[in-house]
Amino acid sequence: MDLHEYQAKELFRAAGMAVNPGEVADDPQGVRALAEEYGGRVVVKAQVHSGGRGKAGGVKLATDADEAARHAEAILGMKIRGLTVGHVLVSPTEDIATEAYAGILVDREGQCPVLMVSAEGGVDIEEVAATNPDAIHKLQVDPRYGLMPHQAWGLATRLFSDPALTKQAARILTRLYRAFVDNGASMAEINPLISTGGGKVKAIDAKVSIDDNELFRRPAVAALRDPDSESEADAKARAAGLSFVKLEGNVGCCVNGAGLAMATMDLVKYYGGDPANFLDIGGSSNPDKVVAALEIITADAGVKVILFNIFGGITRCDDVAQGIVEAVGRLDIAIPLVIRLTGTNEELAREILAEAGLAAVASMDEVVQEAVRLAG
Amino acid sequence: MDLHEYQAKELFRAAGMAVNPGEVADDPQGVRALAEEYGGRVVVKAQVHSGGRGKAGGVKLATDADEAARHAEAILGMKIRGLTVGHVLVSPTEDIATEAYAGILVDREGQCPVLMVSAEGGVDIEEVAATNPDAIHKLQVDPRYGLMPHQAWGLATRLFSDPALTKQAARILTRLYRAFVDNGASMAEINPLISTGGGKVKAIDAKVSIDDNELFRRPAVAALRDPDSESEADAKARAAGLSFVKLEGNVGCCVNGAGLAMATMDLVKYYGGDPANFLDIGGSSNPDKVVAALEIITADAGVKVILFNIFGGITRCDDVAQGIVEAVGRLDIAIPLVIRLTGTNEELAREILAEAGLAAVASMDEVVQEAVRLAG
Amino acid sequence: MSIYVDETTRVIVQGITGRDGSFHTRQMAAYGTRVVAGVTPGKGGRSFALSGKEEVPVYDTVADAVAETGANASVIYVPPAFAASAIMEAADAGVGFIVCVTEGIPVLDMTRAHALARDRGCRVLGPNCPGIICPGKTTLGIIPGSIVTEGPVGLISRSGTLTYEAVHHLTRDGLGQTTCVGIGGDPLIGTSFVDCLAAFADDPDTEAVVMIGEIGGTAEQEAAAWVSANLDIPVVGFIAGRTAPPGTRMGHAGAIISGSSGTAAEKTRAFEDNGIKVAKRPAEIAVLARESLGR
Amino acid sequence: MSIYVDETTRVIVQGITGRDGSFHTRQMAAYGTRVVAGVTPGKGGRSFALSGKEEVPVYDTVADAVAETGANASVIYVPPAFAASAIMEAADAGVGFIVCVTEGIPVLDMTRAHALARDRGCRVLGPNCPGIICPGKTTLGIIPGSIVTEGPVGLISRSGTLTYEAVHHLTRDGLGQTTCVGIGGDPLIGTSFVDCLAAFADDPDTEAVVMIGEIGGTAEQEAAAWVSANLDIPVVGFIAGRTAPPGTRMGHAGAIISGSSGTAAEKTRAFEDNGIKVAKRPAEIAVLARESLGR
C-alpha cells in the first residue's frame with residue numbers, strides 16, 4: 001500500500017525525523033490560507049500515488065498566496081498518469097544548499113533491509129544507479145542487530161563532510177530505519193534529503209510503501225489508505241481477498257494461483273488475444289470469492305468472454321465448480337464462459353458443472369484458444 | 001540499584017503484565033484506608049531491599065481494616081536485616097490455586113539473558129535450585145532475536161498444562177523479558193507467579209534490580225532510587241563515583257582498582273587486622289575523589305588508621321599524592337595515615353608527599369603490616 | 001534418488017488441527033509420507049487421525065514433538081500472523097528441513113526467520129510454496145500426488161498451480177520426475193533455484209531439469225549462470241509474466257518488475273544465453289524436455 | 001613468543017582524541033606499539049601526534065581506518081555510553097583483536113556486542129580490562145611498560161592494578177613475562193582464562209602461567225579443570241576477595257558472590273584440587289612461580 005507524501009512525512013515526524021513543515025488542502029482557498037500562514041513563498045505539490053509529479057506539472061513554486069491559490073486551481077483535478085489529484089500539500093520553501101538521497105528497500109538476495117544513500121539526490125535515483133552506480137552507497141542491515149550506530153554514521157559520512165551535518169544525517173538515517181521497521185514498510189525514501197544554508201539537514205520529500213501483509217496488525221497504518229486512490233474494482237478485489245490487476249484487453253481471466261494466472265495471460269497473448277486482467281482467486285475454495293471475481297470481471301464493459309483456468313491442488317475443483325454455478329445463478333452474465341478444470345476432485349466438478357448445464361475442457365491451450373476465438 | 005516491590009510492580013504493569021493491585025502507605029491510617037478500599041482482607045508487606053521479609057515478620061495477612069492497621073503499626077519502623085521499614089504495600093488477598101516462579105538474570109557463560117521458570121514457586125528459589133534442580137527450566141535468550149514467541153510458550157507449558165493458563169503465562173513471560181530489557185535490568189523476578197481459582201495468572205510479588213551502568217540513559221528509572229534505603233556513606237560514595245562497601249573492621253582502606261582493593265582487605269585480614277571498608281578510587285586522578293574518600297572513611301568513628309595502597313597505571317601517582325595532600329589540608333584528620341604509592345610518576349609523587357611532610361612506603365606487605373599495627 | 005527428502009523422512013505438521021493442515025496431512029499420509037506427529041499450541045496431548053486406522057500424537061511445541069518422535073522435517077500450515085514464528089520454532093528445535101506453505105507472511109518477519117534458519121543450519125523451503133514431492137516416496141506440502149510419476153526429470157518452480165500444469169504435461173508425455181520442488185512466490189525464500197540445481201546435480205537419477213520462473217528479482221538469471229558453469233545435464237525453462245505491466249505486483253509478493261529489472265524478456269534471454277531452452281507455452285515444456293533427453 | 005599480539009600488530013585507537021585515549025596512545029607508541037591510526041567520529045582528516053616526531057591520521061570510522069592502514073587490532077578508550085557500539089564498529093570492520101579498556105558499559109549492550117564479535121569471528125579482550133602487554137614488543141591498553149620484562153611467565157588476570165602488583169613482584173624476582181593479559185572485571189568478557197591458557201599452551205616460550213582470579217562467577221573453576229586436563233606447565237594462582245561479604249558487588253561489576261556461589265574459598269579449592277598452587281599474599285605469587293620453575 002502506497003502512502004501519500006503528506007502521510008509519509010507524518011510517519012517520519014512521529015519517528016523524530018527532521019521534516020519540513022506542510023499541510024494538505026483540497027481547494028484553492030485552503031491553499032491560499034496555508035500559503036499566508038507560511039509567509040507566501042510556498043511549494044504546492046499534488047498528492048497522488050505516482051512518481052514524476054514535477055514533470056507532469058503537479059509541483060509548483062509560488063512567491064505569494066495568490067499565486068499559490070492559482071497553482072492549486074491548476075493542479076487540483078488534473079490527471080497524473082491516470083490519477084486525479086484531490087489534495088495538494090503546501091509547504092514553505094527551503095533554502096536548499098545540497099540535495100542528497102536516502103532510501104530503504106528489502107533486498108531479496110541478502111534477505112534483509114538495504115539502506116541506500118547518495119550525495120546526488122533530488123533526481124531520479126534509478127538514473128543515478130544506471131549512469132553512476134558508484135555514487136550510491138548501499139548497506140545491508142542485519143535484522144538481528146538492526147541499524148547499528150556506526151553504520152548510520154558511516155553512511156552519513158558519505159553524504160556530508162561537515163561533522164555537524166553528518167551527525168544530523170546519521171540521526172535521520174537511524175530514525176528512517178526505525179520508521180521503516182516500526183510501520184512494516186516495504187520501501188521508505190527521502191528524496192531529496194537537503195542541507196540548508198543555515199546548516200540544517202531535513203527531509204523535504206517522503207515516499208513510503210507499506211507491506212500489505214503487515215496491515216492486519218497495524219490498524220493505524222491501514223487507516224491511511226486513501227479510498228479515492230483505488231478503483232472500485234481494486235477495492236472490491238481487496239475486500240474479497242483476490243489478487244487483481246486491470247489490463248486493457250477483452251479476455252477476462254479467472255485463475256487459481258499467481259503463476260498459472262500469469263501463464264494464462266501470456267497464453268492468451270500467444271494465441272493472439274488480449275487479457276483484460278490478472279486475477280488469482282487464491283488457494284481458498286470459498287464460492288463467494290468466485291462470485292466476487294465474476295462481478296469484478298463482468299463490471300468491465302470491454303470484457304467479451306470469461307476464461308476460467310483452475311488446476312486443483314489446495315483449491316478443490318468441486319468447490320470452484322460450485323462457486324461458478326452459484327455465481328452464474330446469482331448474476332446475470334451476458335457473455336460466454338469457458339472453463340477448464342483439472343486436478344483434485346476434477347470428476348466431481350465436472351458433474352456439478354454438467355448439472356448446471358456448463359461444460360469444461362481439460363487443457364489450458366484448448367480453453368485459451370476457445371476464449372480468444374469467442375472474444376473475436 | 002534495587003527497586004522496591006511496589007516500584008517493580010509498577011514497571012511490570014507498565015509493560016502490560018497482569019499484576020495484583022496494591023498501593024503503598026507510610027502510616028497505619030493510610031493502611032486502614034487502603035484496606036477498607038480493598039474490602040478488608042489484605043496483605044501488608046514491608047517495602048525494604050531485603051529478602052526474607054516474611055520470615056522476619058514483615059509480611060502479614062489481615063482479615064479486616066483494623067487488623068491491617070495493627071499490622072502496619074508493627075511493621076512500620078521495624079528493622080529487617082538492618083534496614084528500617086518506612087513504607088508498606090497493601091494489596092487485596094488473592095485466591096491462590098498454584099504458585100510458580102519466573103525470573104531473568106544475565107548469564108555470564110552464555111553472555112545473554114537467561115529466563116528461568118519453575119512450577120515450584122512461592123519459596124526460596126535458590127533452595128529449589130540446590131535440592132531439585134530439575135524443577136527449574138532455564139532458557140538462554142539470544143540477544144539478537146530476543147525472546148521468541150515459541151520460547152515463551154515452551155516455558156509456559158512447563159508451568160501450566162491448562163492451555164488457558166499457559167497462554168496467560170506466555171504473555172507474562174514475554175512482557176517480563178520486555179520489561180527486563182527496556183528498563184536496563186540486571187535481574188527481574190516474579191515469585192510467586194500465581195494462578196487463581198478463577199483461572200487467572202498474575203504476579204503477586206516482584207523484584208527488580210537495575211544495572212547501575214544503565215541509569216545514565218534512563219532518568220525515569222534512576223528517579224526510583226529511594227534515598228532512605230541508602231546510608232549516607234553509600235550516597236556520598238556514589239555521588240563521588242567511588243566504589244565503596246562498608247565493613248565492620250577498623251582499618252580504613254583507600255585503594256585504586258577493585259582487585260587490588262580486595263587483595264588489600266584480604267592482606268589486612270592475613271596480618272591479623274580487620275578492614276573497615278572496601279574502597280576503590282578508580283582510574284581517575286581527580287583530587288576531589290581522594291577528598292571524598294577520606295571524608296567517607298573518617299566519618300566512621302570505628303576507623304583507627306587509614307591505609308592508602310596505590311599502584312599507578314591509568315591513575316598517576318602524582319595526582320593521587322596531590323589529592324592526599326589537598327585532602328589532608330582540607331580535612332581535620334585525627335588518625336594516622338599510612339601510604340603506599342608505586343608505578344607511574346612514583347618519584348614525583350614521593351616528592352609531593354615529602355613536601356607536605358608525609359612519607360610513603362613502596363611495598364604492599366609493609367604498608368598493611370604498619371596499618372594493622374597502628375590499628376592496635 | 002530424490003533431493004532433500006525421501007521415504008525415510010520423519011515429518012511433523014505445524015498447524016495439523018487447522019482446516020488446511022488437517023486436509024493436507026491426510027493427503028500426505030495417504031500418499032505415503034511418514035507423518036510422525038503434529039504440533040498445535042494448546043492442543044498437546046490429543047491425537048490426530050491420519051486415516052481410519054492410523055493416528056499420530058499432537059504436541060504443544062515442536063521441541064516436544066522432535067524429542068518424542070525424532071522428526072527431521074516439518075510442514076507448516078499456520079496463518080500468516082504466526083507462520084514466521086512457526087519457522088523459527090522449528091529451526092530452533094533442530095528440524096533440518098522446513099516447508100512453509102503459508103502465503104502472506106510479512107516480509108520483515110521473514111528476514112528474521114531466514115536469519116535464524118541460517119544460524120541453525122537448517123533449510124527452509126518457501127514460504128508461499130506448494131512444497132516438495134518425490135514421486136512414489138513422499139510429499140511435503142500440497143502438490144497433488146495424482147499428477148506426478150517416477151522418472152528422470154527434476155523440476156523447480158516459483159509457482160504452485162503452474163507447477164502442476166507443467167508436471168501434468170510431463171507425466172502425460174511419459175516423463176516422470178525424481179523430485180518436484182516449489183520454491184515459493186515470495187521475494188524472500190529459503191531455497192533458491194541454485195540450491196535445487198546443486199542438489200539435482202548430485203542426484204544420479206536426475207537426467208534433466210525443468211525450471212519454471214516468473215517476473216521479479218534475479219534468481220533466474222543467477223540460476224542460468226550457475227547452470228552454464230556447473231551443470232552438464234539439459235535444462236528446460238519457462239518464464240511466466242511476459243504480459244505483466246511493470247511496477248505492479250502480479251499476485252505473488254515476489255512477482256513484480258522493478259523499473260526495467262526482473263522482466264520476463266531479461267530472464268528468457270539469460271536462460272537462452274546460457275544454453276537453456278525456453279518453452280513458449282506450458283505444454284511446450286514437456287516437448288522440450290523430451291527432446292533434450294533424446295526421447 | 002607472545003600470545004594474540006606482537007610487534008607486527010597494527011593498532012588503531014578508538015577515542016584517540018579523548019583525555020585517556022591520547023595519554024595512553026602516546027604511552028603505547030613510546031613503548032613501541034605500532035599505532036597506525038586513530039578513530040574519532042567527527043574528527044576525521046586531522047592527525048594525532050604520537051610524539052614530537054611522529055603522527056598518525058585520525059579517521060571518522062574504523063572501516064576507513066582499516067581500509068587505509070591495514071590495521072588488525074584496536075584499543076578502545078571511549079565513554080561507556082558509546083563503548084559497546086565502538087566494539088561493534090571494530091568487529092564489523094573486520095578488526096581481529098579488540099581491546100576494550102572502558103569500565104561501566106551496560107551489560108545488555110555487551111550481550112549484543114559480544115554476539116556480533118562472535119558472528120564476525122573476532123576476539124574481544126575485556127571490557128573493563130587493562131589490556132595486554134608483550135614485554136619488549138607491544139602493549140595494547142594501559143598496563144605500564146615500566147613494570148614488565150621479558151621472560152618465561154604468562155600472566156592472566158581479571159584485575160588491573162592487582163596485575164601490576166603481581167607483575168611487579170615477578171619482574172623484581174627475575175621472572176620476566178611472555179605476555180600479561182588483563183581479561184577484565186566485568187561479568188561478560190570476550191576472552192576467558194581458558195582462552196588465554198589455550199593460547200599460552202601453544203606458546204613454546206611460556207614455561208609457567210600465573211592466574212589471578214577474584215570472587216564472582218565460575219571462570220576460575222572452569223580454568224582449573226582445563227589446566228588439569230590440558231596443560232603440562234606449572235600454574236600458580238591467586239584469588240582476591242577472601243574477605244568480601246556475599247551479595248555485595250566489590251567494585252568490579254563481575255565481583256559479586258551470588259548466594260554461596262563464586263566465593264574465594266570455592267575458587268581456591270578448585271585451583272588446589274587441580275594442582276594449581278595458590279598464593280596467600282600477592283607477594284607470594286612470585287615465590288611460588290619461582291619454585292614451580294625450579295629457580
Side-chain angles (χ1 to χ4, degrees), chain B residues 105-113 126 129-130 141-144 180-181 184-186 211-214 216-217 243-245 247 249 255-271 274-275 278-280 282-283 309-315 342-344 363-365 368, chain D residues 20 23-24 80-81 101 103-112 114-116 118-119 130 142-144 146-147 157-165 168 185 187-188 212 214-219 222 238 240-245 248-255 259-260 264 280-283:
Chain B
L105 286 170
V106 175
D107 185 49
R108 287 176 191 239
E109 226 183 312
Q111 307 201 317
C112 61
E126 292 211 350
V141 181
D142 187 332
R144 301 172 307 168
F180 179 85
V181 171
S186 53
D211 178 356
D212 290 334
N213 295 336
E214 295 264 1
F216 77 93
R217 60 183 173 195
S243 282
F244 171 78
V245 178
L247 298 169
V255 189
N256 72 320
L260 191 60
M262 280 188 271
T264 304
M265 290 178 1
D266 294 349
L267 201 61
V268 168
K269 194 87 180 177
Y270 178 85
Y271 283 119
D274 252 321
F278 168 94
L279 194 154
D280 173 12
N309 185 14
I310 305 295
F311 206 119
I314 201 166
T315 307
T342 197
T344 314
S363 118
M364 182 167 163
D365 284 280
V368 169
Chain D
D20 289 342
F23 175 77
H24 289 290
V101 173
E103 179 174 4
I105 306 176
V107 173
L108 290 175
D109 285 9
M110 284 312 305
T111 62
R112 283 165 47 84
H114 284 312
L116 185 72
R118 279 194 300 272
D119 277 351
I142 62 173
I143 302 176
S146 56
I147 59 170
S157 171
R158 276 170 72 183
S159 165
T161 46
L162 180 56
T163 308
Y164 312 163
E165 183 73 37
H168 184 64
L188 307 192
I212 300 178
E214 62 189 32
I215 55 164
T218 55
E222 286 140 28
F238 182 81
R242 271 170 289 152
T243 51
T248 308
R249 203 165 63 78
M250 303 305 277
H252 282 162
S260 61
K280 289 186 181 57
R281 300 175 294 122

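The sequence lines fix the lettering, A, B, ..., with proteins before strands; numbering per chain opens at 1. Values below: all heavy atoms of this structure, side chains included; hydrogens, waters and symmetry mates excluded.
- Side-chain atoms of I142(D) and Y164(D), non-hydrogen and from C-beta on, do get closer than 4.5 Å to each other.
- Each of P113(B), S363(B), S186(B), A263(B) has some count of heavy-atom pairs under 4.5 Å with chain D, and the biggest count is that of A263(B).
- For chain D, the nearby part of D212(B) is the side chain; its heavy atoms alone come within less than 4.5 Å.
- Distance CE/M265(B) to CG/L279(B): 11.0 Å, rounded to 0.5 Å.
- Only the backbone of I105(D) comes within contact range of chain B, judged by heavy atoms closer than 4.5 Å.
- Counting heavy-atom pairs closer than 4.5 Å to chain B, the top-ranked of the candidates S159(D), A244(D), P106(D), G185(D) is P106(D).
- In this structure, the portion of D211(B) lying under 4.5 Å from any heavy atom of chain D is its side chain and not its backbone.
- Using a 4.5 Å cut-off between heavy atoms, R249(D) touches chain B through backbone and side chain atoms alike.
- When side chains are defined from C-beta on, F180(B) counts as touching V106(B), because their heavy atoms get closer than 4.5 Å.
- In this structure the side chain of P80(D) never reaches within 4.5 angstrom of the side chain of F216(B), judged on heavy atoms.
- Heavy atoms of I147(D) lying under 4.5 Å from chain B belong exclusively to its side chain.
- Contact of T248(D) with chain B is made through the side chain alone, with heavy-atom distances under 4.5 Å.
- Heavy atoms closer than 4.5 Å to chain D are found in both the backbone and the side chain of R108(B).
- Interface remark: P187(D) contributes backbone and side-chain atoms alike to the contact with chain B (heavy atom separation under 4.5 Å).
- Among A255(D), G254(D), A264(D), the residue with the largest count of heavy-atom pairs under 4.5 Å with chain B is G254(D).
- Put simply, of H252(D), M250(D), E214(D), the one with the most heavy-atom pairs under 4.5 Å next to chain B is M250(D).
- With a 4.5 Å cut-off on non-hydrogen atoms, A129(B) does not touch chain D at all.
- Both the backbone and the side chain of A81(D) come within contact range of chain B, each with at least one heavy atom under 4.5 Å from a heavy atom of that chain.
- Taking the side chain as every heavy atom from C-beta outward, R144(B) and D119(D) approach each other to under 4.5 Å.
- Judged by distance alone, with hydrogens and angles left aside, the side-chain atoms of H114(D) form no donor-acceptor pair with the main-chain N or O of Q111(B) at under 3.5 Å.
- In terms of modelled atom types and a separation under 3.5 Å, the side chain of T161(D) and the main chain of N256(B) share a donor-acceptor contact.
- Counting only heavy atoms from C-beta outward, the side chains of P245(D) and L247(B) approach each other to under 4.5 Å.
- Residues Y271(B) and D365(B) form a side-chain contact, since some pair of their non-hydrogen atoms from C-beta on lies under 4.5 Å apart.
- Between the side chain of D266(B) and the main chain of T243(D), a donor-acceptor pair closer than 3.5 Å is present.
- Of the atoms belonging to E165(D), heavy atoms from both backbone and side chain fall under 4.5 Å from chain B.
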